[in-house]
Amino acid sequence: MGNSWHNDVMKSRVFRAGLVLAFAVLALPMLAHAQYASPSYSVNEIFIGSGGELEACGTDYCARQSAGDTAAGSTSGTLYQANAGFDTPSEPTLEVNVTNTNIDLGVLNNTSTAAASSNFSVKNYLSNGYVVTIEGNSPTYVSGSTTSTLDALNSPSLSAVGTEQFGINLVANTTPGIGTNPQQIPDNTFSFGTAAAGYDTPDYFKYVDGDIIAESDQSSGETQYTISIIANIATSTPGGRYQTTLVVQAIATF
Amino acid sequence: MSNYAISLKRTTLLLAALAFTAALLVANFSVFSVGKAGAAQLTSRSLSLSSSLAGTVDDGTAAGSETNGDEVTYSFTFTVPTTGTVQAFLIDFCTTAIGACTAPTNMDTHPADSGETTISVQEDDNVSFTTLNPYAVDATPTDGNRIGITNVTGNTITSGSVVELTFIGIHNPESTGTFFGRIKTFDSTATYTTNDNDLVDDGTVASSITTGISITSRVVETLGFSTTATFPLAAEGASCDPVTGSGAINLGLAPEYTLSIATTYDAYSAFRLYTNAANGAVVQYEGRSLTKGTDVIDAIGGTAAAPATGSEQFGLAVDLTADTGAITNADTTEAGAGQLDIGAEYDGGNGTIGSGTFAYVADTKTQMAASSQYVTCDSYAVQYIANISPLTPAGTYTTTVVYFAVPTY
């Protein structure tokens with residue numbers, strides 16, 4: 001039986017290995033069809049590592065699972081963009097969160113600058129980036145038929161005590177000492193939002209209704225922004241209570 | 001059992017397992033066959049809202065304003081990848097991008113209270129509608145999170161065209177957070193609200209309802225008003241310093257200050273005003289005419305008149321030529337930004353008395369100047385004149401003229 005037995009076993013093993021290889025090749029599209037798509041080639045979403053599952057579904061729900069991340073974030077080039085992380089959902093996402101929304105600048109005077117801060121964050125996924133606009137009037141006081149509005153700074157300007165001004169920016173300032181630069185969560189390899197031109201220079205403030213104040217040119221993890229708000233008045237600024245509501249809107253292009 | 005038999009048994013089990021896998025593979029391919037084979041993805045998709053505030057926020061501003069979440073303009077922009085006829089656009093607003101659609105809280109794309117939901121399909125530079133058959137709102141989808149617009153003839157849209165859809169009057173979702181607009185195009189209106197049989201392209205956009213940033217501040221109401229008859233006036237300075245000194249005027253020929261039937265005599269006082277009143281301020285005066293017991297020199301009245309020697313007259317007017325000599329730091333202009341507008345009957349004062357005109361209403365609070373807005377710092381010299389007739393009783397005539405500044409904030 002010697003050589004004949006060994007030959008049979010070897011044939012059987014080679015046959016089985018061939019079958020496994022053939023079916024493995026045929027079965028590959030089944031494993032990938034939900035995640036791979038491109039005329040040439042791209043990986044949309046895969047899970048690498050242990051303990052994770054992209055779609056764990058029961059009768060009434062589906063969930064994504066992960067036991068941990070070895071890396072998270074996104075990378076891109078001129079022809080590609082990829083996202084990695086604990087959970088990289090396949091649907092487009094735009095999350096905007098505005099906090100510290102009740103701002104009281106107090107009693108304004110012509111000898112000092114009133115300042116306060118508000119905050120918002122943006123997280124945007126599977127897009128070509130986003131812009132954030134701010135809309136609303138400069139603080140306004142209406143009395144009878146008279147409407148008085150604090151002069152909005154239509155170009156980046158230093159705070160000038162004694163001159164009527166209303167302006168904002170999104171960076172850390174020295175005069176007055178308010179604000180912080182955009183914070184990338186967890187860091188700048190994952191999130192890419194920046195203050196827009198006109199609102200990105202320390203100590204220079206601007207406010208134009210409808211302006212873009214922040215942006216990202218690619219999908220981005222969370223970026224936390226601080227809106228620094230200043231107001232100055234002149235002796236001629238009409239007395240009264242000035243109010244406004246500023247609306248932050250993020251517009252993503254998917 | 002021989003090793004060969006064992007090997008064959010293992011092979012048989014392996015074949016069975018692989019057959020099962022193959023069956024799954026076939027089933028898997030069947031999934032491909034029932035997918036949306038013809039649908040391509042709309043690209044460069046975006047959604048811009050006129051207001052991203054919740055639908056409950058309506059500050060009374062016009063529909064489409066940034067602080068009106070009740071009647072909001074939705075502007076979709078996307079690029080069409082497939083050349084073909086489009087008879088219908090369908091947009092579903094959902095809390096998720098994929099899967100079963102749950103409507104955002106109390107969103108209303110067909111607000112019954114406004115009737116202002118309108119549709120316009122705007123032609124971008126890249127759109128090649130040769131003959132635009134206008135799309136209209138389809139009344140069939142009545143769900144508050146769905147909009148369908150149709151034209152049974154449709155329009156041919158070429159690949160690469162940028163389409164903009166604008167919807168006016170939508171009531172925003174009433175809770176903050178992300179929501180999605182699922183856009184679909186159809187080449188037939190037959191069943192577009194019930195299935196995707198006629199689907200051409202689709203794509204999803206995301207937007208977010210946020211909380212507005214409410215800013216409040218206060219500016220203290222100010223008023224500075226002072227009078228004097230002491231010259232020269234103090235400089236206004238950066239703080240509009242008040243004028244100071246005695247308010248006593250001697251009118252007539254010095255040193256006894258006697259009036260004459262042949263000469264008109266004059267004298268000056270001044271007032272200084274600043275205010276930040278939003279609706280401006282008025283300056284008024286009130287007082288008797290020159291009086292001695294029961295004898296009163298005639299006031300000129302409310303209509304300005306030139307001095308007339310030999311006739312009883314008492315009047316006043318702001319002298320805009322007065323910033324000379326002792327009358328320093330007085331304004332010579334009026335009615336500019338941040339300035340009072342001197343009344344037409346009271347702006348005729350003149351250093352050359354005979355060239356001026358004057359008025360005076362006795363015993364009645366009378367307005368002589370006003371502004372419709374703030375007054376930065378105005379300093380005006382007020383010129384008084386007096387004439388007597390041959391019948392005017394002799395004696396010492398006096399009066400006190402009181403000035404008032406009344407701002408409206």
Side-chain angles (χ1 to χ4, degrees), chain A residues 5 8-9 12-13 15-16 19-20 23 26-27 29-30 33 90-98 101-109 114 118 120 128 135-136 139 141 143-144 146 148 209 227 229 231 233 235-254, chain B residues 2-4 7-8 10-11 14-15 18 21-22 24-25 28-29 31-32 44-49 51-53 59 66-67 96-99 177-178 180 203-208 210-222 239-240 274 276-279 338 372-374 376 408-409:
Chain A
W5 182 85
D8 291 338
V9 170
S12 175
R13 288 176 175 171
F15 177 63
R16 280 180 288 174
L19 284 175
V20 169
F23 277 91
L26 286 172
M30 174 187 70
H33 83 272
S90 57
E91 65 268 26
T93 296
L94 176 65
E95 294 180 11
V96 184
N97 188 29
V98 185
T101 57
N102 290 315
I103 304 299
D104 189 347
L105 289 169
V107 178
L108 307 181
N109 61 65
S118 184
F120 68 94
N128 295 312
E135 298 176 75
Y141 166 58
S143 176
T146 301
S148 305
D209 184 3
I227 304 176
I229 304 165
I233 61 168
T235 54
S236 59
T237 302
R241 182 187 298 269
Y242 287 73
Q243 294 178 307
T244 190
T245 299
L246 304 183
V247 181
V248 172
Q249 180 179 186
I251 303 170
T253 300
F254 295 96
Chain B
S2 70
N3 288 332
Y4 181 67
S7 179
L8 283 177
R10 287 176 178 169
T11 301
L14 180 59
L15 282 170
L18 291 176
T21 303
L24 290 178
L25 185 60
N28 188 55
F29 283 139
V31 171
F32 283 114
S44 299
R45 309 176 305 279
S46 67
L47 168 59
S48 175
L49 311 182
S51 174
S52 60
L53 300 182
D59 64 353
E66 64 270 11
T67 51
T96 57
I98 58 175
T178 304
F180 301 86
T204 299
V205 293
S207 190
S208 186
T210 61
T211 303
I213 301 170
S214 175
I215 299 176
T216 299
S217 60
R218 284 161 295 279
V219 176
V220 173
E221 293 79 2
T222 62
S239 302
C240 196
Y274 73 86
N276 66 353
N279 294 288
S372 60
Q373 56 175 348
Y374 67 90
T376 305
T408 302
Y409 296 98

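Here the structure is a predicted model, which is why all the values come from computation and not from measurement. Each chain gets a letter, A, B and so on, in the order the sequences are listed, and its residues count up from 1.
Contact annotation for A/Thr253: both backbone and side-chain heavy atoms come within less than 4.5 Å of a heavy atom of chain B. Heavy atoms closer than 4.5 Å to chain B are found in the side chain of A/Tyr141, but not in its backbone. For A/Ser118, the part lying under 4.5 angstrom from a heavy atom of chain B is the side chain only. With a 4.5 Å cut-off on non-hydrogen atoms, B/Phe180 touches chain A through its side chain but not through its backbone. For A/Asn97, no part sits under 4.5 Å from any heavy atom of chain B, backbone or side chain.
When the candidates A/Asn109, A/Thr235, A/Val98 are compared by the number of heavy-atom contacts under 4.5 Å with chain B, A/Val98 comes out ahead. Of the listed residues A/Gln243, A/Glu135, A/Gln249, A/Glu95, the one with more heavy-atom pairs under 4.5 angstrom with chain B than any other is A/Gln249. Contacts with chain A were tallied for B/Gln373, B/Glu221, B/Arg45; B/Arg45 has the most, counting heavy-atom pairs under 4.5 Å.
Residues A/Pro92 and B/Ala97 come closest through the heavy atom pair CD-CB, 3.9 Å. In plain terms, the two heavy atoms of A/Thr245 and B/Gly212 that are nearest each other are CG2-CA, 3.9 Å.
Side-chain contact check for B/Asn279 and A/Thr146: at least one donor-acceptor pair (N or O, by modelled atom type) lies under 3.5 Å. For the 3.5 Å distance criterion, the side chains of B/Asn276 and A/Thr237 fail to qualify, holding no donor opposite an acceptor.
Partners of A/Asn102 by side-chain contact (heavy atoms from CB on, under 4.5 Å), not counting sequence neighbours, listed by chain and number: B/Ser214. Under the salt bridge (Lys or Arg N to Asp or Glu O under 4.0 Å) criterion, B/Asp59 pairs with no residue at all, not counting sequence neighbours.
Panel note: side chain B/Ser52, backbone A/Val248; a donor-acceptor pair is recorded below 3.5 Å. Within the 3.5 Å criterion, the main-chain N or O of B/Tyr409 finds a donor-acceptor partner in the side chain of A/Ser143.
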